[in-house]
Amino acid sequence: MDILWFGVFAVLLLGYFALEGFDIGLGMLLPVLGRSQEGRDRVVAAMAPYILANEVWLVAVAGVLFGVYPRAEGEVLFGLYPLVVSLLVSWIVRDAGLWFRRRADGRAWRAGWDGAICLGSYGLAFSWGAALVALANGMSITPLGLAGGAAIAAAFAFHGWTFASWRLPGGLTGARRSGRALLVSACVAAAPAAALLAGAAPWLLGHTAPADTLNVLSLMILPFAPIMLGGQVWVWRTFGPGRAPERTPSFF
């Protein structure tokens, strides 16, 4: 049961980096891909249908961390408190930009919230990179975390650029990418999380909750996994290349 839940945690974390990575990357590249207001609207429209579905993976990661690794959860939250706060603030700023940018007209209003999207996206990338380095160093926050942040930011930016080339072929990026190229960039975005999991596996397994708790969690959580996966399949089949931005939800 310990190995099963470690596998579930690994799939969820890697899925978050592979899926949410392009949303974060597009936010970072917003000023580059969107040189005009219309261009920025197209970038946001390209990512809009995927954002909520992708963020479900992070919620699931947090739920498994709290339920399956309760002692590890406490050590992570308190040992990396500044980075956890940075992640949460960046998440809020990025999502606030997405939600509020079209709540009023005006170039200054849109530009301000577009800046929030870009700033929050960079904050997410660098916070994740610094957190991964700190976890690899035994919960120690060091200047090396800046290098980790830069690496994650570069991986997410590459993933975002590839996604834009796939969903808006020949448009803002001036290139056309295949689904295979998008899969490769997803692997690049998830690679740092995979490296962390490989090194952290013994530590996590040593912090696993008792067997009775895992059995209860299996009955409560695992039956809902097909629903989450089915939702992802529906989103990707519905909002593929050539279907943006006219079929994009209007709340972004």
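The first residue of the sequence shown is numbered 1, and numbering continues consecutively from there.
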Keeping [X] on the side-chain end and [Y] on the backbone end, is there a donor-acceptor pair under 3.5 Å?
X    : Y    : result
T213 : A209 : no
T208 : L205 : yes
R103 : W99  : yes
Q37  : R110 : no

Worksheet item: Any chain of hydrophobic side-chain contacts (each under 4.5 Å) joining W113 to V93?
Response: no

Item to complete: Spell out, yes or no, whether V84 and I24 are grouped together once hydrophobic residues are joined by side-chain heavy atoms under 4.5 Å, including indirect joins.
Response: yes

Just verifying a value: how many Å separate [X] [atom1] and [Y] [atom2], rounded to the nearest 0.5 Å?
X    : Y    : atom1 : atom2 : value
R167 : R176 : CZ    : CZ    : 13.5 Å
S165 : L33  : OG    : CG    : 8.0 Å
L98  : I51  : CG    : CD1   : 4.5 Å
R35  : R40  : CZ    : CZ    : 10.5 Å
W5   : L12  : CH2   : CG    : 8.5 Å
D23  : D95  : CG    : CG    : 9.5 Å

Worksheet item: So which of L14, V68, L197 actually passes side chain to side chain contact (heavy atoms under 4.5 Å, CB included) with F9?
Response: L197

Does some side-chain heavy atom of [Y] sit less than 4.5 Å from a side-chain heavy atom of [X]?
X   : Y    : result
L19 : W236 : yes
L83 : L87  : no
P49 : T238 : no
L77 : Y81  : no

Discussion item. Is the ring pair W166/F163 parallel, tilted or perpendicular, if the boundaries are 30 and 60 degrees?
Written reply: tilted

Worksheet item: Would you call R101 and D41 a salt bridge, using N to O less than 4.0 angstrom?
Response: yes

Worksheet item: Is any side-chain N of the basic residue among R94 and E20 closer than 4.0 Å to the acidic one's carboxylate O?
Response: yes

Practice prompt. Could you tell me if the ring centre of F22 sits under 6.0 Å from that of H159?
Written response: yes

Discussion item. Are W161 and F158, when compared by the centres of their aromatic rings, separated by less than 6.0 Å?
Written reply: no

Side-chain polar contacts of residues 122-136 - donor-acceptor pairs under 3.5 angstrom, sequence neighbours left out - could you list them?
unit_1 : atom_1 : unit_2 : atom_2 : d
S127   : OG     : S86    : OG     : 2.5
S127   : OG     : G123   : O      : 2.7
W128   : NE1    : Y16    : OH     : 3.4

